[in-house]
Amino acid sequence: MTPSIRPLTQEQRQAARKAAHDAVIRAIGTKPTREQFTYTTISKYPPAITRLISGLCLVLLLAAFTPSAIRLYVIGSQTFGQAVNNSIAKTAVGLATVLSAEVGQIVFSLALATLGTSPSTRRMLYGSMAITTTLSLVGNIQISLAGHTDSPFAWLEAIAPPVLVLSTAYVLKEQVLETIERRHANEYAFQAALTDWQTATANPEDHPQWSQFYANALRDALRKANNRRKETLSQMTQDDWCIAVTREVKADFWFATATLDEDIHPVHSGDGHTFTPSRNGNGAHPKVTAAVG
């Protein structure tokens, strides 16, 4: 049955090999995407609760930051104005005081969690946090307690905003760091899966079942090339297909397996010697042997 099947051309065999490559990649799976690893690492709490806490912290931070920032702006601009009587300069220094005190607390708190790896760095960051907190407390107390030193609420109202800004910043810092850590874990899982996929698909012919995929592709190509011989194809057995596919696998190597040696016959010379042509890498050369009496 097999000899009646028309063999494939070189182009058809190359197309079958390409089809086998694609089949191997499909069997391995599609290329991983980052979206597939969004929830690889799950937060300890539901996302809704985390967002609620973050929203409330932002509201509290704004509420505590507003009175503290106003007082720090006033004390900073007034103190600077005693030495430099320039309205633009006083405004700039007032804003700088707010940023140095309030924003400095948040910045050094975040830096402590991400950059404070060595003891010296942690000591420097703790010292910077203490300076910014002291600046904020002193500025608030000096403005708030003018003429109200006997009022307990005045003391509380002066001290509470800077402390609440610092504590709220700490809560937000923990929220941000947890989110960053979770995203980093998801990215790590994605990169690992992508590396595995790229390794598996780099050379499909190294796949353990490559021979089967290639055989299936060659069989499909043979059926397509012989689509007018439906009766013959329907009568082919599994053994017939194995023979036909094996023939196609070996077809690209027909020249390498061909026998190039010719028949070798001894030649007798007239002087009593026998010449036997022998083949080596440089061609045929006569091998001389003496004639035996």
Side-chain angles (χ1 to χ4, degrees), residues 1-42 183-267 275-287:
M1 194 73 67
T2 303
S4 63
I5 295 297
R6 187 178 69 182
L8 301 176
T9 64
Q10 183 179 17
E11 183 179 356
Q12 290 172 330
R13 287 193 298 271
Q14 291 174 344
R17 183 177 292 271
K18 177 61 170 59
H21 287 181
D22 296 339
V24 170
I25 294 176
R26 287 194 300 270
I28 293 173
T30 58
K31 184 178 181 180
T33 61
R34 282 186 172 86
E35 289 74 15
Q36 295 173 340
F37 294 85
T38 302
Y39 299 102
T40 301
T41 304
I42 302 176
R183 289 181 179 177
H184 178 72
N186 293 339
E187 179 67 17
Y188 181 82
F190 163 70
Q191 292 295 340
L194 180 61
T195 300
D196 293 340
W197 184 87
Q198 291 174 339
T199 302
T201 58
N203 192 354
E205 297 188 17
D206 290 339
H207 192 276
Q209 298 181 354
W210 162 251
S211 299
Q212 184 62 58
F213 283 108
Y214 189 34
N216 291 340
L218 288 173
R219 184 179 62 179
D220 292 341
L222 285 170
R223 285 175 172 170
K224 184 177 180 180
N226 297 270
N227 59 351
R228 295 184 178 181
R229 305 177 182 181
K230 296 181 180 180
E231 183 178 356
T232 301
L233 293 175
S234 63
Q235 295 176 359
M236 289 185 64
T237 64
Q238 182 174 346
D239 292 337
D240 294 332
W241 279 116
C242 288
I243 295 173
V245 169
T246 302
R247 182 184 63 187
E248 298 301 330
V249 172
K250 295 180 177 179
D252 286 326
F253 306 98
W254 65 269
F255 184 76
T257 57
T259 302
L260 300 180
D261 293 336
E262 300 176 354
D263 292 337
I264 299 175
H265 303 283
V267 178
F275 294 89
T276 304
S278 63
R279 183 176 298 276
N280 56 23
N282 297 320
H285 301 279
K287 179 180 178 182

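Bear in mind the structure is a predicted one, so any value in this text is a computation, not a measurement.
- Using a 30° and 60° split on the angle between ring planes, H207 and F213 fall in the perpendicular class, above 60°.
- Side-chain atoms of R223 and K230, non-hydrogen and from C-beta on, never get closer than 4.5 Å to each other.
- Across every non-hydrogen atom of I5 and R247, the tightest pair is O-NH2, 3.4 Å.
- Taken to the nearest 0.5 Å, the CE atom of M236 stands 8.5 Å off from the CG atom of N226.
- When all heavy atoms of R13 and Y214 are compared, the closest pair comes out as O-OH, 4.3 Å.
- Note that CG of L218 and CH2 of W241 are 10.5 Å apart. Values are rounded to the nearest 0.5 Å.
- With respect to E231, the side chain to side chain contact (heavy atoms under 4.5 Å, CB included) criterion is satisfied by exactly one of Q235, R228, R229: Q235.
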For D196 and T199: C-alpha separation, side-chain torsions, deciding distance, then whether side-chain hydrogen bond (donor to acceptor under 3.5 Å, both in side chains) applies. CA-CA 5 Å; D196 293 340; T199 302; 5.5 Å; no

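- Here the OG1-CG distance, from T33 to L194, works out to 10.0 Å after rounding to the nearest 0.5 Å.
- Taking every heavy atom of both residues into account, T246 and C242 meet most closely at OG1-O, 2.6 Å.
- A16 and A217 get closest at one heavy-atom pair: O-CB, 3.2 Å.
- The closest side-chain heavy-atom distance from E187 to F190 is below 4.5 Å.
- Ion pairing between D22 and R26 fails under the 4.0 Å rule for side-chain N and carboxylate O.
- No side-chain heavy atom of N227 sits less than 4.5 Å from a side-chain heavy atom of L233.
- Nearest heavy atoms, R17 versus W210: NH1-CZ2, 3.7 Å.
- To the nearest 0.5 Å, atom NZ of residue K31 and atom CH2 of residue W197 are 6.0 Å apart.
- The two atoms that bring P7 and Q12 nearest to each other are O-OE1, 4.4 Å, heavy atoms only.
- To the nearest 0.5 Å, atom CD of residue E248 and atom CG of residue L8 are 4.0 Å apart.
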